Amino acid sequence: MTKYRICLIALLIASLVTLGMLSGYFFLTPDPKTIAAENKALKAVIEEAASAPAEAIGSSTKITYEYIYLGGHKETSETRAPKNWQGLTLTEFKEIFDGWQIKEFSSDGVVLAKVLNAYSPKHYVLGEYEGKVAVYRKNEFEEKTVKQVTATPVESLPEDERKRLETGIDFYGDEALVKILEDYET
């Protein structure tokens, strides 16, 4: 290859690169009018959001409390917002409910959740107390306290049931408690 051909190829490559850069600049650079219009629209959205009133608690706001206990049990209760909460915004509400997770906040409803290091008051353990079938409650240290002792003697039960009572049969809820007590008293 001659020097002439090498120079011609180099000049051709340089021309193509320059042409590509110029066309990229003209075709990919946004029009200043378009940029100005987009900036104006964005500014309007920001101003509208800043001027919008913050969500606040009203007289009809429903407050839902969720208590999450050891063992995964969850209990909820609902109430209307008290008068002294009316007008509070999310920021003000967070200051009052430190330690709670605010899962939802609007003028329609607020949902608060709290994880407790305790068993639910509706968490029971069926076991044996002084030879009788008994119902226990457990605390966060796994210590059991007797809630109720039935008239059913443990010795009257089948062997497999007696073994289950030795380790304790966990269950949840007042309805389950009534049913289990009925089963053991018949």
Side-chain angles (χ1 to χ4, degrees), residues 27-127 129 133-150 164-165 167-184:
F27 290 113
L28 298 177
T29 301
D31 178 29
K33 290 180 184 177
T34 305
I35 292 173
E38 288 175 355
N39 285 342
K40 186 176 179 182
L42 182 59
K43 184 178 178 184
V45 169
I46 291 171
E47 286 174 359
E48 182 182 334
S51 67
E55 287 275 351
I57 294 176
S59 60
S60 63
T61 303
K62 180 176 71 171
I63 309 294
T64 304
Y65 299 93
E66 291 181 354
Y67 301 97
I68 302 152
Y69 294 95
L70 293 174
H73 298 116
K74 179 170 84 170
E75 295 179 16
T76 61
S77 64
E78 292 182 351
T79 187
R80 290 282 172 211
K83 286 187 180 195
N84 61 333
W85 290 8
Q86 292 174 22
L88 292 176
T89 63
L90 176 59
T91 304
E92 296 164 331
F93 203 75
K94 282 181 177 178
E95 291 174 13
I96 295 170
F97 281 90
D98 187 35
W100 287 77
Q101 177 188 3
I102 301 172
K103 295 173 79 174
E104 182 182 311
F105 187 94
S106 73
S107 59
D108 294 328
V110 175
V111 179
L112 298 163
K114 187 163 197 151
V115 176
L116 301 171
N117 188 27
Y119 284 95
S120 163
K122 296 179 183 179
H123 179 99
Y124 303 106
V125 179
L126 201 63
Y129 180 80
V133 174
V135 178
Y136 292 88
R137 282 205 173 125
K138 257 198 283 193
N139 66 18
E140 66 271 20
F141 305 110
E142 301 286 324
E143 300 166 333
K144 295 187 280 185
T145 56
V146 176
K147 176 187 175 0
Q148 181 178 351
V149 179
T150 70
R164 289 183 58 212
L165 286 173
T167 58
I169 303 169
D170 287 86
F171 62 98
Y172 177 79
D174 293 331
E175 291 175 15
L177 173 62
V178 169
K179 182 171 178 0
I180 286 174
L181 291 176
E182 286 175 356
D183 290 347
Y184 276 92

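Bear in mind the structure is a predicted one, so any value in this text is a computation, not a measurement.
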Residues 168-176 side chain polar contacts: donor-acceptor under 3.5 Å, at least two apart:
residue	atom	partner	partner atom	Å
Asp170	OD2	His123	NE2	2.9
Asp170	OD2	Lys138	NZ	3.2
Tyr172	OH	Glu75	OE2	3.2
Asp174	OD1	Tyr124	OH	2.7

Would you please name every residue forming a salt bridge (charged side-chain N to carboxylate O under 4.0 Å, His left out) with [X], sequence neighbours left out?
X      : value
Lys122 : none
Arg164 : Glu161
Lys94  : none

To the nearest 0.5 Å, what is the distance between [atom1] ([X]) and [atom2] ([Y])?
X      : Y      : atom1 : atom2 : result
Glu182 : Thr150 : CD    : OG1   : 13.0 Å
Ile102 : Ile96  : CD1   : CD1   : 9.5 Å
Glu104 : Leu90  : CD    : CG    : 11.5 Å

Legend entry - Short side-chain to backbone donor-acceptor contact, Thr76 and Glu66, under 3.5 Å: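 No, the answer is negative, given that no donor and acceptor are paired below the 3.5 Å cut-off.
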
Legend entry - N/O donor-acceptor pair under 3.5 Å between Glu92 side chain and Thr89 backbone: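 It does hold such a pair.
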
Inset, instruction - With sequence neighbours excluded, tell me which residues meet side-chain contact (heavy atoms from CB on, under 4.5 Å) with Ser60. - result: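 Ser60: no side-chain contact (heavy atoms from CB on, under 4.5 Å) contacts found.
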
Inset, instruction - Check whether any side-chain heavy atom of Leu181 lies under 4.5 Å from a side-chain heavy atom of Val135, and answer yes or no. - result: yes

Legend entry - Within-4.5 Å side-chain heavy-atom neighbours: Asp108 and Thr61: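 Asp108 does not reach Thr61 side chain to side chain.
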
Residues that [X] engages under side-chain hydrogen bond (donor to acceptor under 3.5 Å, both in side chains), provided they are two or more places apart:
X      : answer
Glu143 : Asn139
Ser107 : Glu55
Gln86  : none

Output side-chain donor-acceptor pairs under 3.5 Å for residues 110-119, partner residues at least two apart or in another chain, one line each.
residue	atom	partner	partner atom	Å
Tyr119	OH	Glu142	OE2	2.4

Inset, instruction - Check Ala81 against Ile57 and note the closest heavy-atom contact, atom names and distance. - result: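 In this case the closest contact between Ala81 and Ile57 is CB-CG2, 3.4 Å.
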
Inset, instruction - Write down the atom of Tyr129, the atom of Ala134, and the distance for their closest heavy-atom approach. - result: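 Answer, listing the atom of Tyr129 first, then Ala134: CB-CB, 3.6 Å.
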
Inset, instruction - Dump the intermediate steps for side-chain contact (heavy atoms from CB on, under 4.5 Å) on Ser120 and Tyr67, then the final yes or no. - result: CA-CA 9 Å; Ser120 163; Tyr67 301 97; over 6 Å; no

Sequence-distant partners of [X], ring pair (Phe, Tyr, Trp, His ring centres under 6.0 Å), two or more places apart:
X     : answer
Tyr69 : none
Phe93 : Trp85, Phe97, Phe105
Tyr65 : Trp100

